[in-house]
There are 2 protein chains.
Amino acid sequence: MVTINDIAKKAKVSKSTVSKVINNYSGVGDDTKEKVLKIMKENNYWPNSVARSLSTKKSYTIGIFGPQILNNFFFREVFEGIEAVMGDKGYDLLYFTNKQWDESWVDYSYKEKCENRNVDGVIMMGYGKVNIAQFDRLLKSDIPSVFIDLDLVGSNTSYVTSDNTGGARKAVEYLAELGHKKIAMIRGLNGFKVSTDRFVGFQQAIKALNLPYNSEWMFDGDYSMETGYQSMKRILNLDEKPTAVFAEDLIAIGAIKAIRQAGLNVPGDYSIIGFDSIEIGRHYHLTTIAQDQIGLGEAASKLLLNIINKKSFSPIILPTRLIIGETCRKV
Amino acid sequence: MVTINDIAKKAKVSKSTVSKVINNYSGVGDDTKEKVLKIMKENNYWPNSVARSLSTKKSYTIGIFGPQILNNFFFREVFEGIEAVMGDKGYDLLYFTNKQWDESWVDYSYKEKCENRNVDGVIMMGYGKVNIAQFDRLLKSDIPSVFIDLDLVGSNTSYVTSDNTGGARKAVEYLAELGHKKIAMIRGLNGFKVSTDRFVGFQQAIKALNLPYNSEWMFDGDYSMETGYQSMKRILNLDEKPTAVFAEDLIAIGAIKAIRQAGLNVPGDYSIIGFDSIEIGRHYHLTTIAQDQIGLGEAASKLLLNIINKKSFSPIILPTRLIIGETCRKV
DNA sequence: ATAATTAAATAAACCGGTTTCGAAGGAAGT
DNA sequence: ACTTCCTTCGAAACCGGTTTATTTAATTAT
């Protein structure tokens with residue numbers, strides 16, 4: 001590997017001078033500068049980021065923490081948005097794996113991992129309220145961080161999320177417009193902010209529209225097709241059945257499977273409205289409340305860059321949007 | 001951030017001694033070692049990876065290059081396999097974004113980016129024959145690298161891929177078993193090794209089984225539903241129509257759409273067999289030749305670790321497997 | 001008691017950069 | 001001709017670690 005010393009030697013100048021040229025600082029004569037640039041080019045030289053990071057504390061690297069985000073339809077798209085913005089600004093992404101340190105003589109967690117790698121900032125996704133305690137040291141540190149879908153704020157922390165409450169209201173309002181009164185909801189994991197927010201929105205709309213609320217129509221589980229499938233089977237056995245179901249996309253697909261398996265059809269017998277708009281849902285022509293996943297990633301990135309540059313810290317709430325597919329009908 | 005110097009000062013020893021304790025080297029007395037460990041723990045100290053990497057040239061970071069791999073169903077799962085193995089071995093993953101360097105006074109490419117970040121090795125995916133020239137310097141360098149689905153070998157380079165030729169043969173053989181004779185193939189991008197391999201396998205099987213080969217039944221495009229959709233529409237207009245179609249999953253789904261749109265059905269009118277077994281295909285109950293995506297990622301990781309440790313360089317070819325869904329029937 | 005051996009600890013150089021500060025040299029001012 | 005003021009440049013310290021070579025101290029051998 002060719003280093004700054006090699007360049008300095010070949011150009012017969014000191015390494016300080018080369019450094020000044022690299023960083024385009026003043027204090028270097030035009031002809032010297034030209035000579036150094038020429039030698040750099042000839043030797044295909046690029047300053048080593050690691051060494052640079054050691055002295056500047058800036059690495060042009062953004063850390064990403066997120067358990068299971070790679071096998072998650074939703075976060076995968078968020079990741080895409082992050083890549084677009086961060087790549088554009090010259091940052092690479094360091095994806096922290098979940099190695100368990102056996103020799104863990106210290107409490108080695110998010111904050112330490114970030115300091116350890118000198119990341120300029122970190123994006124956290126896929127975490128719920130249950131995990132909050134783990135973030136304590138990170139929040140108190142001066143590491144710029146942005147959470148996705150978890151409303152944490154701090155001196156160097158902020159978050160982005162979708163308008164989950166409003167989105168859920170929108171879903172109920174749409175179903176009500178179509179004439180539905182009895183609406184079931186199957187929720188994802190309880191410990192996650194998005195779930196509770198959507199539940200709140202659901203209840204707000206039910207109340208505002210004076211629709212019946214029946215606790216037998218409320219289910220929760222995890223964000224899986226299985227949850228949708230099992231919950232729907234129970235719905236199909238109820239005495240008083242709802243006519244429509246609101247659930248996150250993957251859950252909604254599970255519910256559709258259960259309905260079809262029972263020899264019924266969507267939207268003939270049940271109207272189903274999803275939430276998220278993940279790609280798979282599109283294949284089912286799911287009517288859904290869409291979030292802007294890529295937009296979430298982009299917003300998180302821009303917000304993080306703002307925090308890094310000490311500009312703005314305000315949380316960002318992105319709007320949702322109704323996408324009309326083929327799984328809801330007028331009754 | 002607490003540094004080795006802080007620890008040395010508090011423990012009243014030199015930093016060399018602390019370093020030896022960190023690395024569990026000999027030459028430190030038991031009581032000294034214990035004292036230092038205690039202070040490290042009290043101060044929640046963990047040695048900085050960046051500084052460490054600067055002197056050792058080892059970063060415990062694996063680079064990942066791959067254009068568009070985040071919005072690709074296939075590579076996303078490969079990524080998952082990589083994370084599992086690399087995480088387990090204590091490596092983090094550096095995902096290189098595609099920033100264009102305006103000030104690009106040098107030919108700053110794969111090799112340079114790797115050297116620049118001191119990655120211990122790199123996994124390259126999503127590249128085709130067309131890109132080979134760009135890898136020249138990387139291959140000649142001493143950076144351990146593993147390509148996925150591109151058969152490059154070098155002193156520090158190897159590759160993993162699926163048995164695409166065999167898999168394609170398997171697809172044709174299965175269709176033949178079901179009684180199909182006229183088989184069409186819709187291929188993905190021409191410049192990619194996997195496409196040509198599958199085409200070769202297809203032709204081998206056609207010949208071996210003495211089936212008719214008709215160039216009108218051969219199509220190519222990209223790996224998109226649109227390609228499948230458009231190609232299938234053309235098939236539907238042929239005078240002499242095939243009875244079965246072989247295509248990568250996403251393409252196959254596009255083909256199914258075209259068939260259904262024409263008022264026909266699968267497998268009633270056409271049998272469709274896919275290749276890949278991406279998650280979306282499962283929702284269509286696609287009969288397909290499955291690759292083991294996660295296995296590819298795992299194999300690539302293990303191979304890369306072997307190269308890093310100067311153990312083994314042999315390319316790895318993973319077997320494929322027929323998954324019988326509901327899109328093929330006997331004729 | 002002295003020399004030789006061994007173990008423990010440290011000083012110093014190094015990794016490849018950045019940054020501060022002072023020296024050298026030329027131009028301008030008087 | 002002498003001071004003053006820039007501009008250009010390089011020496012040296014620094015970032016937080018590792019590693020080599022050497023010193024110091026304790027142990028064993030003679």
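We name chains A, B, ... by the order of the sequence lines, and we start the count at 1 in each one.
- Contacts of B:Thr61 classified as side-chain contact (heavy atoms from CB on, under 4.5 Å), with partners at least two apart in sequence or in another chain: A:Leu94, A:Arg117, B:Ser59, B:Leu94, B:Val119.
- Under the 3.5 Å distance criterion, with hydrogens and angles disregarded, no donor-acceptor pair is assigned to the side chains of B:Asn116 and A:Arg52.
- The pair B:Lys38-B:Glu34 does not meet the salt-bridge criterion, since no charged nitrogen lies less than 4.0 angstrom from a carboxylate oxygen.
- Residue pairs meeting the side-chain hydrogen bond (donor to acceptor under 3.5 Å, both in side chains) criterion with at least one member in residues 140-152 of chain A, sequence neighbours excluded, are A:Lys129-A:Asp151, A:Asp136-A:Lys140, A:Ser145-A:Thr157, A:Asp149-A:Thr161.
- The existence of a salt bridge linking A:Glu298 and A:Lys302 is excluded, since no basic side-chain nitrogen approaches an acidic carboxylate oxygen closer than 4.0 Å.
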Using atom names, set out every protein N or O paired with an N or O of nucleotides 7-13 of chain D below 3.5 Å, distance rounded to 0.1 Å.
residue, atom, partner, partner atom, Å
D:dC9, OP1, A:Thr32, OG1, 2.5
D:dC9, OP2, A:Gly29, N, 2.5
D:dC9, OP2, A:Thr32, OG1, 3.1
D:dG10, OP2, A:Ser14, N, 2.9
D:dG10, OP2, A:Ser14, OG, 3.4
D:dG10, OP2, A:Thr17, OG1, 2.8
D:dG10, O6, A:Lys20, NZ, 2.7
D:dA11, N7, A:Ser16, OG, 3.4
D:dA11, N6, A:Ser16, OG, 2.9

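- First and last contacts of DNA chain C with chain A, using any nucleotide atom under 4.0 Å from a protein heavy atom and ordered 5' to 3', fall at C:dG16 to C:dT19.
- Both A:Arg52 and B:Ser55 lie close to DNA chain C; mapped to their nearest nucleotides by heavy-atom distance, the more 5′-ward contact belongs to B:Ser55.
- B:Phe65 meets the ring-ring contact (aromatic ring centres under 6.0 Å, His included) test with B:Phe96, B:Tyr110; sequence neighbours excluded.
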- Does the pair B:Ser14 and B:Thr17 meet the rule for a side chain to side chain donor-acceptor pair (under 3.5 Å), with working shown? CA-CA 5 Å; B:Ser14 72; B:Thr17 301; 3.2 Å; yes
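- Among the protein residues, B:Thr56 comes within range of the sugar-phosphate backbone only, with heavy atoms under 4.0 Å from sugar or phosphate atoms but none that close to a base.
- Partners of B:Leu189 under the side-chain contact (heavy atoms from CB on, under 4.5 Å) rule, at least two apart in sequence or in another chain, are B:Phe192, B:Asp222, B:Tyr223.
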